[in-house]
Amino acid sequence: MLAERVSQLNAEYARAIDDDRLEQWPEFFTDPCLYKITSADNYRRGLEAGLVYADSRGMLKDRVVALREANIFERQAYRHLVGLPAIRSGANGAVHAETPFLVVRVMRDGTMDLFATGRYVDTMVDEGGALRFRERLVVCDSSRVDTLLAIPL
Amino acid sequence: MAASDSRHEWPGASLARVPYWVYQDEPNYRAELRRIFEGPTWSYVCLESDVEKPGDYRTTFVGEMPIIVVRGAAGEIHAFENRCAHRGALIALDDGGSTGSHFQCVYHAWTYDLQGSLVGIAFEKGSNGRGGMPDSFCKADHGPRKFRTATLCGLVFASLSAEAPPLEEYLGTEVLGRVRRVLHKPVRVMGRFVQALPNNWKLYVENVKDTYHASLLHTFFGTFRITRLTQGGGVLVSPDGGHHTSTTIARADDAQSTAYREQGIRSEKERYRLADPSLLDAVDEFGDSIQLQILTVFPGFVLQQIHNCLAVRQVLPKGPDAMELSWTYIGFADDTPEMRRRRLKQSNLVGPAGYVSMEDGCVGGFVQRGVAAASEQLSVVNMGGEGAESQDTRATEASVRGFWKAYRRYMGE
């Protein structure tokens, strides 16, 4: 069942991030791909810039290496709650889906905040039996980010 | 309010020592809003392209004052306080839009023209001969406060004060030239984001002016040789201290420098290479080898050129220990698809998730929290001496001292 495969992909994606297995995160994407974090306002207005913009698996890997090796931020973790995907079509081998998400950020001192809500606007393809994101637009409901956005959504 | 209303005192005339209460004290913060943001300064409020046609408006803030910026019928730009003269409600509720020829307050339908003048009062003459406003009430005597506006290279600035010198004089010829260098043709908005920072607004402005920290805090920079203190460049401080421009110039001999390695500084990680170097596929679009130019206009405007990644940032104070940074990512109207894509990729460098700006989002909070019990202690701002003059190195805090020079003058300290 397609809906089940998409839900499973979303669940594994969220687990990889929340369990701090970021090195596996690029593997959820095709190469090339498009991963972009933006706001609903920019998305609606057709403004292209993203908080994160990656169009290759290499750029996703670079993001992870930068987080591990270069960037400075206080220790923190996410808890993703990912909703049910609304599957738009399954034609021509590509699957389009929109899935709501909610992310709680947990800081090293225990502070827990609702960090982001939004929807994933996805295009997925089957690559040798594995469903991967050819495009994952992370459309956050709010345009405001608290402090910084380090770990991917 | 006089400085003596605050129980705090500056420790002396030196610009190289800053007491920590300036980041904490509520009366001092309120005085800043009045003397600086509502005083004889110019604040960036929006892009000209945000208010393209008559009736187009945007809402924003000068300090904490909500304002409306709107294009008038003859193409002029007006700005006025977003506050109804009647009961003080916001007049415009959205981020922007088009209003036709008037604004109308939702509360009691008082009406304003595009210059912010009160022109209509619902039931002014009452109903059936009863009620209504007294005959003595003069609409012209009531209205939101009006700003002077000035445009420069597609940027709109506003000032509440008749005392502020004309914008170009306020900036001075050198800073003016650095604005014109970047914004030399019509811009196009590529995206907008807001970053809520857990620190006093001045900590962010100091951070932007602080050329010393860039390659030390932001290891991404140093590692990929995007900028290092050993590269060419320098810092230009306006004569009044308030505005600055820092530049980094490409220089081939940088690869030979061992200054970082010899000092064992964390940012020297030699084997760190990008899997996809297209991120840094930059072109010298201004034809002058300047890779980075960061420019500030006192009190809270930033124009950023990091390679081909261009943005304007607006500093909005939200209380003594909070602020918002409003980012507008821009390109030029005539960008080719390749240039647009290049800017999109390089935008990974900046913003709340930026490889070289992420840390600026949290470091102000580290100071705010670090000085929680140190209001009478002093920050040391001594790199490059005591003065606030332009220097041909970035291993200096001259432009931070320039900020305090201007700040103390406006505050009457």
Of all heavy-atom pairs between B:Gln195 and A:Thr147, which one has the smallest distance, and what is that distance?
-> NE2-O, 2.7 Å
Pick one of side chain, backbone, both or neither for B:Arg343, based on which atoms fall under 4.5 Å of a heavy atom in chain A.
-> neither
Proximal component of A:Ser142, with respect to chain B [non-hydrogen, under 4.5 Å] = neither
Structural part of B:Phe193 lying under 4.5 Å from a heavy atom of chain A | both
When only pairs under 4.5 Å are counted, which of B:Asn199, B:Asp276, B:Val350 shares the most heavy-atom pairs with chain A?
-> B:Asp276
Pairs of heavy atoms under 4.5 Å with chain B: top-ranked of A:Met59, A:Arg63, A:Arg57 = A:Arg63
Can you find a heavy atom in the side chain of B:Asn348 that is under 4.5 Å from one in the side chain of A:Val52?
-> yes
Looking at B:Phe61, is B:Lys318 sitting on its ring face, NZ or CZ under 6.0 Å from the six-membered ring centre and within 45 degrees of the normal?
-> yes
Can you tell me how far the CD atom of B:Gln291 sits from the CG atom of B:Leu280, to the nearest 0.5 Å?
-> 10.0 Å
Out of A:Asp146, A:Asp55, A:Ile37, A:Asp41, which one racks up the most heavy-atom pairs below 4.5 Å with chain B?
-> A:Asp55
Nearest-0.5 Å distance, SG of residue B:Cys46 to CG of residue B:Asp56 = 10.5 Å
Atom group of A:Leu60 that falls short of 4.5 Å from chain B, counting heavy atoms = neither
To the nearest 0.5 Å, what is the distance between CD1 (A:Ile151) and NE2 (A:His80)?
-> 9.5 Å
Residue part contacting chain B, namely of A:Arg45, when any heavy atom lies under 4.5 Å | neither
So, is the end of the A:Lys36 side chain (NZ or CZ) under 6.0 Å from the ring centre of A:Tyr53 and within 45° of the ring's axis?
-> no
B:Tyr23-B:Glu206 side chain donor-acceptor pair, cut-off 3.5 Å | yes
In terms of heavy-atom pairs under 4.5 Å with chain B, the winner among A:Asp62, A:Leu148, A:Leu149 is A:Asp62
For chain B, find which of A:Ala66, A:Cys140, A:Ala150, A:Ser56 contributes the most heavy-atom pairs closer than 4.5 angstrom.
-> A:Ala66
Name the option with the most non-hydrogen atom pairs under 4.5 Å to chain B; the candidates are A:Ala49, A:Pro152, A:Ser143.
-> A:Ala49
Counting distance only, does the side-chain N/O of B:Ser347 pair as donor-acceptor with the main-chain N or O of B:Leu344 below 3.5 Å?
-> yes
Under 4.5 Å to a heavy atom of chain A? For B:Glu324 that would be side chain
With a 4.5 angstrom heavy-atom cut-off, could you sort out which part of A:Asn42 is near chain B: side chain, backbone, both or neither?
-> side chain
